[in-house]
**Q** 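Provided herewith is a single structure, encoded as structure tokens, for subsequent inquiry.
Letters A, B, ... mirror the listed sequences (proteins, then strands); counts begin at 1. Everything quoted here is computed from the prediction, not taken from an experiment.
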Amino acid sequence: MARWLVKSEPAKYAFADLQRDGTTVWDGVRNNAAALHLKAMKVGDEVLYYHSQEGLAVVGIARVTREAFPDATDPAGRFVAVELAPVRPLKQPVTLQAMKANPALADLAMIRQSRLSVSPVRDGEWAAILQMAGD
DNA sequence: GCCAACGTTGGC
DNA sequence: GCCAACGTTGGC
């Protein structure tokens, strides 16, 4: 099972919104590298949910409930979307600052390429982040 | 609000 | 097909 990290601006769609909605279509990704990651997602894959712009922290865990399908919001039909459902919030948010300070996360894709909105998380990185969250 | 990173567009 | 200009994202 693969693991991922997605970013969302909480003012637009926060983890609490996902909890309220039960599932959401993760569309609007218009970046090829991010789209490749979306296409690689499988049902059951786990996803860290990161708040960008405000909060600047991983706040919860979500799960892939539907694999890549055409993004209805893309008129050109080139990009894909997936469907996500909430799993649980982290006990404590893990801030970007804390992640940057952890040598175990030096290679984390979202740190190395900060603008990537969907990125892979390795097993060791996943474990490190959950440990920091007290989970 | 600024700026760095980086992807995309368009002229040549 | 190159590359400069431009737009967007996201941290600070």
Side-chain angles (χ1 to χ4, degrees):
Chain A
M1 181 187 65
R3 286 161 163 159
W4 311 94
L5 180 147
V6 298
K7 293 186 189 184
S8 184
E9 296 178 35
K12 293 184 179 167
Y13 198 81
F15 188 70
D17 295 318
L18 179 59
Q19 290 181 292
R20 181 200 60 212
D21 292 345
T23 62
T24 196
V25 173
W26 206 257
D27 57 15
V29 172
R30 294 291 182 270
N31 170 285
N32 277 315
L36 282 176
H37 297 315
L38 284 183
K39 287 177 187 169
M41 287 184 180
K42 299 295 176 196
V43 168
D45 280 2
E46 290 180 318
V47 181
L48 292 172
Y49 199 102
Y50 175 82
H51 280 170
S52 62
Q53 312 283 13
E54 291 171 50
L56 305 187
V58 177
V59 296
I61 299 172
R63 192 166 44 82
V64 177
T65 50
R66 188 179 165 198
E67 291 169 19
F69 55 92
D71 181 344
T73 71
D74 174 23
R78 288 184 293 137
F79 290 100
V80 296
V82 298
E83 186 185 81
L84 299 181
V87 175
R88 62 191 160 88
L90 297 182
K91 279 186 188 150
Q92 304 173 62
V94 178
T95 64
L96 178 64
Q97 199 179 17
M99 290 192 282
K100 282 184 170 174
N102 186 341
L105 300 177
D107 286 335
L108 188 67
M110 73 104 36
I111 290 177
R112 295 178 66 99
Q113 197 179 343
S114 68
R115 288 185 50 210
L116 198 54
S117 58
V118 182
S119 60
V121 178
R122 296 201 275 252
D123 288 349
E125 294 165 342
W126 183 275
I129 291 168
L130 286 207
Q131 187 176 7
M132 292 163 83
D135 275 74

**Q** Mind listing the residues from residues 3-15 of chain A sitting with a heavy atom below 4.0 Å of DNA chain B? Number order is fine.
**A** none
**Q** When you look at CD of E9(A), are more than 12 heavy atoms from neighbouring residues, nucleotides or ligands closer to it than 6.0 Å?
**A** yes
**Q** Can you check side chain to side chain donor-acceptor pair (under 3.5 Å) on T73(A) and R30(A), steps first, answer last?
**A** CA-CA 10 Å; T73(A) 71; R30(A) 294 291 182 270; 2.9 Å; yes
**Q** According to a hydrophobic-cluster definition based on side-chain heavy atoms being under 4.5 Å apart (Ile, Leu, Val, Met, Phe, Trp, Tyr only), do L18(A) and L90(A) belong together?
**A** no
**Q** Going by side chain to side chain donor-acceptor pair (under 3.5 Å), name the residues that satisfy it together with D107(A), two or more places apart in sequence or in a different chain.
**A** R112(A)
**Q** First and last nucleotide of DNA chain B in contact with chain A, 5' to 3', at under 4.0 Å to a heavy atom: what are they?
**A** dA5(B) to dT8(B)
**Q** Under a 4.0 Å threshold between the charged nitrogen and the carboxylate oxygen, would D17(A) count as salt-bridged to R20(A)?
**A**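 Looking at D17(A) together with R20(A), the answer is yes, because their closest N to O distance falls below 4.0 Å.
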**Q** Output all residues satisfying ring pair (Phe, Tyr, Trp, His ring centres under 6.0 Å) with F15(A), sequence neighbours left out; order by chain, then residue number.
**A**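 Listed in chain order: Y49(A).
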**Q** Where do E125(A) and R122(A) come nearest, in terms of heavy atoms and distance?
**A** OE1-N, 2.8 Å
**Q** Could you walk me through whether D71(A) and R78(A) pass the salt bridge (Lys or Arg N to Asp or Glu O under 4.0 Å) test, one step at a time?
**A** CA-CA 8 Å; D71(A) 181 344; R78(A) 288 184 293 137; over 6 Å; no
**Q** Check this for me: does any side-chain nitrogen of one of D123(A) and R3(A) sit under 4.0 Å from a carboxylate oxygen of the other?
**A**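 So D123(A) pairs with R3(A) through a salt bridge.
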**Q** Would you check if L5(A) and V118(A) make a side-chain contact, meaning some heavy-atom pair closer than 4.5 Å?
**A**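 Sidechains of V118(A) and L5(A): no contact.
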**Q** Counting only non-hydrogen atoms, which of residues 98-112 of chain A are less than 4.0 Å from DNA chain B?
**A** none
**Q** Residues from residues 26-34 of chain A sitting under 4.0 Å of DNA chain B, heavy atoms only?
**A** N31(A), N32(A)
**Q** Using the six-membered ring wherever Trp is involved, compare the ring planes of H37(A) and W4(A) and label them parallel, tilted or perpendicular (cut-offs 30° and 60°).
**A** tilted
**Q** Which residue in the set M41(A), E83(A), E46(A) passes side chain to side chain contact (heavy atoms under 4.5 Å, CB included) when paired with V64(A)?
**A**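 Between V64(A) and the candidates, side chain to side chain contact (heavy atoms under 4.5 Å, CB included) is satisfied uniquely by M41(A).
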